[in-house]
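Worksheet for the structure shown next.
Order of listing sets the numbers, starting from 1, for every ligand and every atom in it. These values consider heavy atoms only, across backbone and side chains, with no hydrogens, waters or symmetry-generated copies.
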Amino acid sequence: MRYIIQTIGCQMNICQSDEISKELNSKGLIKVLDRESADIIILNTCSVRAQAEQKAFSFLGRVCDLKQKNEAVKIIVIGCMAQRMKSKIKKRFKQVDLIIGTDRETPEIVNQILQLININNEVESPVEFLDLNTNNEVSKFVTITKGCSNYCSYCVVPFVRGKERARDFDEIIEECRNFSKQGAREVILLGQNVNSYNFNGFNFVDLLKEVSKISSIKRISFMTNHPKDLTLDLIQTIASFDKISKHVHLPLQSGSDEILKKMNRNYTLAHYKNLISLLRQNIKNISITTDVIVGFPSETDEDFLKTLETIKEIAFDGLYVFKYSPRPNTLAATFIDDVSQEKKKERLAIILKESNDISQKIVAGMVNTKQTVLITAFNGRSLEGQTETGRKVFMEGGRENIGKLCSVFITSAKINSLFGEICNEI
Ligand code: 5AD
Ligand code: SF4
């Protein structure tokens, strides 16, 4: 049986889709990339913005058409939208076979899928091969917290993923160890706010220190951070462990204190800027990326200019910008969405242009430097890897380099990718 798994949304979803794929593969199912040849179509959804939900609806529309031609096809919807609007999906897309929300854990989701296609879940897994030659064997996602208790006023996550739950400390370490035995060289620790991880008194710094003891893990990355919970202790830990990635994604959301307050972000711009100074003072070559929302209710031209000024001043290594989109159940959905679409679009374009200009300069400055790169994949033509600061690098060379941490001389750069030559393994 062939299946396709289409993922919309954040790293959490990518991670979960990976886990599901792994299970389905172990039951002998074959993953394909085109939906026309699939017997099972799984859609992993996101509710963070209306656009993500529209994307899922149009995908569902297309696959339901396919099912009209071939009734045997099974359609399964999981993720945040499945949680948030189960009955609506059922009503609108009668051909959908299974809708499972985020209140179910991955093994249960897999079991339900297997039941649907009449595969006995007790079948033994085939032997797992140690295969370093695939894209996803070198870098592995490890979930450390689920849900979020921050209730930023615009955000649907606490409603669709529930309150924050920290995963068992030892279980996380065990998973990292297992991945390393299977050939992983990087673990990417995931949570909506990794900084607030706390399991029986063990915090995120304790976790990073413990993971760094696994000798074959060469890089530890993590996301996402929250400015209200990022501590000096964490900054100093990132600085003092070579293995810990020198990339911090620290969502700013707005440069206006008034808007930050209405967003319920629990920090001020001054606090945010202080964190940036501490990160830059303590960590050589730190890369800082961020998220920004434009057009939040009541955002004036003046508020927007404060965001723009902050972006210019901080000169982020990367930036994601979103037009505010009211989400059901959130506090902000009760505010008047008074910034016009036109204005939102205009503000988005201004921020994008500014951040692209900054990124151009940053990547141009990396040409003729040596970067530490973890080589993660071979795409058929060249090797792919990531710098310590999370930038993508393409290099010439053979598959035998996959999994190696190398010093790479950067020869040229585009805004989203660098090109380089491998000097030596580190
Ligand atoms: N509207 C626009 N952007 C949003 N984000 C989260 N919720 C919304 C919303 N309702 C953005 C934030 C967050 C990123 C993952 O998505 O910037 O950091
Ligand atoms: Fe949403 Fe805020 Fe939690 Fe991030 S920290 S998931 S923006 S509520």
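Nearest to atom 5 (S) of ligand 2 among the protein's heavy atoms is Asn150 ND2, 3.4 Å. Nearest protein neighbour of atom 2 (C) of ligand 1, counting heavy atoms only, is Lys323 O, 3.3 Å. Ranking the protein heavy atoms by distance from atom 15 (C) of ligand 1 puts Asp291 OD2, 3.8 Å first. The shortest contact between atom 4 (Fe) of ligand 2 and any protein heavy atom is with Gln192 O, 4.4 Å. The shortest contact between atom 1 (N) of ligand 1 and any protein heavy atom is with Ser325 N, 3.0 Å. Protein heavy atom at the shortest distance from atom 2 (Fe) of ligand 2 is Cys152 SG, 2.3 Å.
The atoms of ligand 2 that sit less than 4.0 Å from any heavy atom of Tyr151 are 8 (S). In the vicinity of His226, heavy-atom distances shorter than 4.0 Å reach the ligand 2 atoms 5 (S). With ligand atoms numbered from 1 in the order given, ligand 2 contributes 2 (Fe) to contacts under 4.0 Å with heavy atoms of Arg265. Below 4.0 Å from some heavy atom of Val48 lie the following atoms of ligand 1, by number and element: 6 (C), 7 (N), 8 (C), 9 (C), 10 (N), 16 (O). In the vicinity of Arg327, heavy-atom distances shorter than 4.0 Å reach the ligand 1 atoms 10 (N).
Here Tyr154 has heavy atoms under 4.0 Å from ligand 1 in both its backbone and its side chain. Only the side chain of Arg49 comes within 4.0 Å of ligand 1, judged by heavy-atom distances. For Tyr154, every heavy-atom contact with ligand 2 shorter than 4.0 Å involves the side chain, none the backbone.
The distance from atom CZ of Arg165 to atom SG of Cys148, rounded to the nearest 0.5 Å, is 10.5 Å. Atoms CG and CG, on Leu232 and Leu275 in that order, are 9.5 Å from each other to the nearest 0.5 Å. How far CG of Leu234 is from CG of Leu208: 6.5 Å, rounded to the nearest 0.5 Å.
Under a 4.0 angstrom heavy-atom cut-off, Gln253 registers as lying outside contact with ligand 2.
Residue Phe335 places its CZ atom among more than 12 non-hydrogen atoms of other residues, nucleotides or ligands, all under 6.0 Å distant.
Residue Glu175 forms a salt bridge (charged side-chain N to carboxylate O under 4.0 Å, His left out) with just one option from Lys181, Arg167, Lys140, and that option is Arg167. Screening Lys353, Lys361, Gln360 for a side-chain hydrogen bond (donor to acceptor under 3.5 Å, both in side chains) with Asp357, the sole residue that qualifies is Lys353. The only member of Phe241, Phe204, Phe202 that meets side chain to side chain contact (heavy atoms under 4.5 Å, CB included) when paired with Lys209 is Phe241. Asn195 pairs with exactly one of Asn225, Asn203, Thr231 by the side-chain hydrogen bond (donor to acceptor under 3.5 Å, both in side chains) rule, that one being Asn225.
Taking the centre of each ring, Phe159 and Tyr151 come in below the 6.0 Å mark.
Evaluated by nearest non-hydrogen atom to atom 12 (C) of ligand 1, the leading choice among His249, Gln192, Gln253 is Gln253.
Aromatic ring pairs are classed by plane angle as parallel below 30°, tilted from 30° to 60° and perpendicular above 60°; the pair Tyr197 and Phe169 is tilted. Between His247 and His249, the ring-plane angle classifies as perpendicular under the 30° and 60° cut-offs.
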Please assess Asp303 against Arg347 for the test salt bridge (charged side-chain N to carboxylate O under 4.0 Å, His left out), listing each intermediate value before the final yes or no. CA-CA 11 Å; Asp303 291 318; Arg347 289 176 183 172; over 6 Å; no

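Checking Cys148 against atom 3 (Fe) of ligand 2, an N/O/S atom falls under the 2.8 Å cut-off. Within the 2.8 Å limit, Cys155 places no N, O or S atom next to atom 2 (Fe) of ligand 2.
For ligand 1, the polar-atom distance check finds no N/O of Tyr324 at less than 3.5 Å from any of the ligand's N/O atoms.
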